[in-house]
*Asks:* 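So that we are looking at the same thing, I have put the structure below in structure tokens.
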Amino acid sequence: MSIVTVQLGQCGNQVGQELFDIICSDAVEGQRKTYSTCSCERFFRQSSHGELTARAVLIDMEPKVISHSMTKAAKSGRWRYGEHSHFSQKQGSGNNWANGFCVHGPRHRDVVEELVRQEVECCDRLAGFMPIMSVAGGTGSGVGTYVTQCLRDIYPTSFILNHLTWPYGTGEVIVQNYNSVLTLAHLYQLSDAIVVHENDTVHRICSQLLNIKHISFSDINRVIAHQLGSVLQPALSADSHRVYSRNPVGELVSSLVCHPEYKLLGVCTIPNMPSSSIAYSTFSWPGLLKHLRQMLISNSKMEEGIDWQVRPPSGSGWPRNPTGGGSFNTSLANLLILRGKDVYSAETGGFEDPALYTSWLLPEQALTMWKSPVSFNKYEKSATLVSNSQALLRPLDDMVGKAWNMFASRAYMHQYIKFGISEEDFLDSFTSLEQVISSYSQLC
Amino acid sequence: MTQSVVVQVGQCGNQIGCRFWDLALREHAHVNKKGLYDEALGSFFRNVDSRNRDGGACGVGGRIQHLKARAVLVDMEEGVVNEILQGPLRDVFDSAQLLTDVSGSGNNWAVGHLTYGSAYRDQIVDKLRKAAEHCDCLQCFFLIHSMGGGTGSGLGTRVLGLLEEEFPEVCRIVTSIYPSAEDDVITSPYNSVLAMRELTEHADCVLPVENQSMVDIVNKIKLMSHGAKLGSMIRRDSTVISGQGGLSGPEKPFDAMNNIMANLLLNITSSARFEGSLNMDLNEIAMNLVPFPRLHYLVPSLTPLYTLADVSVPTRRLDQMFSDAFSKDHQLIRADPKHSLYLACALMVRGNVQVSDLRRNIERLRPSLPFVSWNQEGWKTGLCSVPPVGHTHSLLALANNTCVKPTFMELRERFTKLYRKKAHLHHYLHVEGMEQSFFSEAITSLSSLIEEYHQLDSTKARLIPDAPRLSIAR
Ligand SMILES: Nc1nc2c(ncn2[C@@H]2O[C@H](COP(=O)(O)OP(=O)(O)O)[C@@H](O)[C@H]2O)c(=O)[nH]1
Ligand SMILES: Nc1nc2c(ncn2[C@@H]2O[C@H](COP(=O)(O)OP(=O)(O)O)[C@@H](O)[C@H]2O)c(=O)[nH]1
Ligand SMILES: [Mg+2]
């Protein structure tokens, strides 16, 4: 089955390009025919000459980024974007969600839908859609939300998994919290699951784990692509009888999003290291999984600076954190993906502990496991956790809080009203996100 | 890529405009070694084949034939425009882009706004439309004018209204030259206040520049370049200091000042003209910096002015550039942003500067800069990879800051002094269509603008608690 990716705006088109690049180079490496065939079917169309074309539609309101991404792909020599699978205009959305959602989106609806339809027709079977975008700008956030809505209308039964990049806390777009709130509130009604990467977190991985001095967006995007790729590449699930699962998007959604109030998913992987060091390092499954588990429960998003004091609450009424460390991160559901050598010997009991989860789900319902003996992206062993937990509560709460403060003074409202978004629309979005915040904070 | 059109009105507008075109050409010549007409050039210039009689444009990618500025030049006397037509820039404009009269506006806003505004309305609209038709995606109009005279102030603000009427979706950024207290135009307070109301109501952004600060900056630069030790450190070919190496002939009195303003325009448009790793579209300026529609006065500061940039960029100097952008003596109006309140701030950087340099400096400077409670992280940044000629890097800061208030209050005071005695009023009231209500409404508009800044200022000392969040019924 195949996934149709829709890349939107600057961020979406840059992250998407890195994702296809990593998936392609991982798939074609070594002698692993079924893995590679399955991966290619998911992400690429193959011409009669064997050339790989990404199953992607590229959308932006200005031309530069798309042309840059297409050139980069073609230069790889391994894969490319479809010659006609892109649409751009001359002038961006100016950091204004309303401009993207109310003006650009509707204006170009037909063209975009047609491009998507053509891509869908090339799939033997469609697993679902993956729109990739940032939430802070104007095109990815506004047009991206609009396009997601169109997809939902036209393909009511298909899975839609949105990948979102959350902005740095400060720096690039002053109205970023407004744009983020509008995007998230709308997507919550449309999307089956929302996978989030925070730029601040990924930036820290680049500097502290990968030792990159001058960090560029390209460095950041490679980390995001690595994490996403390790989720989406072929793997075997418990009941798949040694056949690669057919629909990763559907299975991910059904195992992680069991309730429509909870669909924010965070991702972490282990290990992360400079590529020059990978060849000289060995890892043990117990070591990796012990770290990954602690990262989950202490909500540290990388393996450095983990708070080892945080423990799951014990049922017998003990205080939650006897040593006064950080607070415990409760999960609703987790998807653990292991790839590489000796994967069947890995002991995963630590993730089955009922104390990790809410009381209203049994651990066997809350934990899903995918495994693949094929190692991913040059790491001999690697583990990835996609979790529906409280991990994104803090950043979401910050985002909504800052936007709300600004809204209280009605600052910048006229810029949105100009394009047809009213104060009530804002209020609706705030209300629905406060609902999400409240739901996640009451998870225990 | 998008295009912009510069509309220069009156003596001051045209003189500054021409410095801009001169320096912009020089900058592109410096970067564009192949002589090909590219998207970057296309944002402010057309490429016209002279053999083609109707001035047919050549597409992007071909050789540079004749570059024509995307500009409309308006003046109600002939002197300045004629001088341009006899000077080295004459080929950059053709007669269809020009509009002149012979008798001037007599430093009277009403004559410019009403008399000429009505007489030339159709011709102006026609020229604006022509300029717009040459663009395949027109993003922005830049209006350059002075506040104190008659043509730039009166007719210039009339043109602003026409732009809004005719091209409501195209962004309007206005560079306005404010008169100094000792300005030789006696009626400049009237003209400025009358023009202010138009700016407040019809512009998307206004970049106020005060002639007095220009004079101060120019004097400091002179002092440094003549001082024995420091003089040797200033780069002679830097575009900030002089037009040397440009197309113009000998320097005139306003030249040094106008260079600074031309540089302001070069920097604000650089990210539209060149590549960069963090592009800042022109329509992002208002979106990020203007929280309330009337409060769109953005105080510019430009660095390095008399600091210097050598070939290599030691970190300390780069950081100095960021510090300077917030100091009092780098502001293009007399104002002290650090001791007032920021509503929002943009840093537009050119040259060899990385995202990490930006982050480091924002973190470093943030604690010393007061931001309004609801926009504590009100920073917008842009990186353009091409530095100005003669520098390795430069920074333009645009601050939406309550420090504009004293300038506006001073203007109001000067206005009131004249108005109380009804001095010179009859010159205005003689003009057909002009009524006393124009004066009273203009001063009311200015006063309420001042009051809005004042209200924001008064939140500065108070600790503003976060707005109580919506509560969710379970
Ligand atoms: N991770 C990542 N973030 C990006 C990239 N480009 C832009 N961003 C982020 O995206 C936001 C700006 O949105 P952008 O995608 O540029 O705007 P759009 O083109 O209007 O959708 C900011 O939060 C940036 O930090 C990228 O390549 N990678
Ligand atoms: N900075 C600068 N100010 C100017 C220039 N020419 C005139 N001014 C100022 O502009 C005001 C007079 O307006 P001016 O442009 O001459 O009148 P107009 O032709 O009727 O618009 C006064 O405050 C002058 O100091 C110039 O070239 N540069
Ligand atoms: Mg963009």
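All values reported here derive from a predicted model rather than from experimental measurement. Throughout, a chain's letter reflects where its sequence line sits, starting with A, and its residues are numbered from 1.
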*Asks:* Taking it one step at a time, do Tyr168(A) and Val355(B) satisfy side-chain contact (heavy atoms from CB on, under 4.5 Å)?
*Replies:* CA-CA 12 Å; Tyr168(A) 286 103; Val355(B) 185; 6.0 Å; no
*Asks:* For the backbone of Asp466(B) and the side chain of Asn405(A), can you confirm whether one donor and one acceptor N or O come within less than 3.5 Å of each other?
*Replies:*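 Such a contact is absent between Asn405(A) side chain and Asp466(B) backbone.
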*Asks:* Check each atom of Leu383(B) against the heavy atoms of chain A and say whether the ones under 4.5 Å are side chain, backbone, both or neither.
*Replies:*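 Neither; nothing under 4.5 Å.
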*Asks:* How long is the gap from CD on Gln354(B) to NE2 on His214(A), to the nearest 0.5 Å?
*Replies:*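 Rounded to the nearest 0.5 Å, the CD-NE2 separation comes out at 6.0 Å.
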*Asks:* Minimum heavy-atom separation for Pro468(B) to Trp404(A), with atom names?
*Replies:*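 Smallest interatomic distance, heavy atoms only, reads O-NE1, 2.9 Å.
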*Asks:* Using every non-hydrogen atom in the two residues, find where Ala411(A) and Phe292(B) come nearest and quote the distance to one decimal.
*Replies:*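 So the minimum-distance heavy-atom pair works out to CA-CE2, 3.6 Å.
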*Asks:* Under 4.5 Å, counting heavy-atom pairs only, tell me which of Ser356(B), Pro293(B), Gly378(B), Ala286(B) racks up the most with chain A.
*Replies:*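 Among the listed options, the one with the most contacts to chain A is Pro293(B).
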*Asks:* At a heavy-atom distance under 4.5 Å, which candidate from Lys90(A), His414(A), Met406(A) has the highest pair count against chain B?
*Replies:*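 With the most close heavy-atom pairs to chain B, the winner is His414(A).
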*Asks:* Considering all heavy atoms of both residues, which atom of Ala344(B) and which atom of Tyr412(A) are nearest to each other, and what is their separation?
*Replies:*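 Looking at all heavy atoms of both residues, the closest pair is CB-OH, 3.6 Å.
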*Asks:* So which part of Phe407(A) gets closer than 4.5 Å to some heavy atom of chain B, the side chain, the backbone, both or neither?
*Replies:*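 Neither part.
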*Asks:* Provide the closest heavy-atom pair for Gln435(A) versus Ile472(B) in the form atom of the first, atom of the second, distance.
*Replies:*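 In this case the closest contact between Gln435(A) and Ile472(B) is OE1-CG2, 3.2 Å.
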*Asks:* Quick check for you: to the nearest 0.5 Å, what is the distance between Ser409(A) atom OG and Leu456(B) atom CG?
*Replies:*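 These two atoms lie 8.5 Å from each other.
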*Asks:* Is any side-chain heavy atom of Thr2(B) closer than 4.5 Å to a side-chain heavy atom of Glu62(A)?
*Replies:*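 Side chain of Thr2(B) against side chain of Glu62(A), heavy atoms only: no contact under 4.5 Å found.
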*Asks:* Would you confirm whether Lys380(B), through its side chain, and Val173(A), through its main-chain N or O, come within 3.5 Å as a donor-acceptor pair?
*Replies:*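 Absent.
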*Asks:* Could you measure the distance from the CD atom of Gln3(B) to the CD atom of Gln91(A)? Nearest 0.5 Å is fine.
*Replies:*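 That separation rounds to 9.5 Å.
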*Asks:* Under a 4.5 Å cutoff for heavy-atom pairs, which residue among Met413(A), Lys418(A), Lys64(A) has the most contacts with chain B?
*Replies:*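 The residue among Met413(A), Lys418(A), Lys64(A) with the greatest pair count is Lys64(A).
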*Asks:* Report which part of Cys345(B) has an atom under 4.5 Å of a heavy atom belonging to chain A: side chain, backbone, both, or neither.
*Replies:*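 For Cys345(B), the contact with chain A is made by the backbone alone.
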*Asks:* Would you say CZ of Arg394(A) has more than 12 non-hydrogen atoms from neighbouring residues, nucleotides or ligands within 6.0 angstrom?
*Replies:*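 Not buried by this count: 12 neighbours or fewer within 6.0 Å.
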*Asks:* So which atom in Ile437(A) and which in Arg469(B) form the shortest heavy-atom distance, rounded to 0.1 Å?
*Replies:*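 Scanning both residues completely, I find the closest heavy atoms to be CD1-NH2, 3.5 Å.
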*Asks:* So which heavy atom on Met287(B) is nearest to which on Asn95(A), and how close?
*Replies:*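 Closest approach of Met287(B) to Asn95(A): CE-O, 3.7 Å.
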*Asks:* Go through Gln10(A) and Asn279(B) one step at a time and tell me if the side-chain contact (heavy atoms from CB on, under 4.5 Å) criterion holds.
*Replies:* CA-CA 10 Å; Gln10(A) 169 150 25; Asn279(B) 257 325; 5.6 Å; no
*Asks:* With Asp457(B), which residues qualify under side-chain hydrogen bond (donor to acceptor under 3.5 Å, both in side chains), at least two apart?
*Replies:*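 Asp457(B) satisfies side-chain hydrogen bond (donor to acceptor under 3.5 Å, both in side chains) with Thr402(B), Lys405(B) once adjacent residues are dropped.
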*Asks:* What residue in Asn375(B), Asp281(B), Leu358(B) has the most heavy-atom pairs under 4.5 Å with chain A?
*Replies:*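 Greatest number of close heavy-atom pairs with chain A: Asn375(B).
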*Asks:* With a 4.5 angstrom heavy-atom cut-off, could you sort out which part of Leu289(B) is near chain A: side chain, backbone, both or neither?
*Replies:*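 Its backbone and side chain both get close to chain A.
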*Asks:* Side chain of Gln376(B), backbone of Lys402(A): donor and acceptor closer than 3.5 Å?
*Replies:*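 Pair absent, no side-chain N/O of Gln376(B) close to backbone of Lys402(A).
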*Asks:* Side chain from CB out, backbone as N, CA, C, O: work out which of these in Glu363(B) comes under 4.5 Å of a heavy atom of chain A, or both, or neither.
*Replies:*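 When you check distances to chain A, only side chain atoms of Glu363(B) fall under 4.5 Å.
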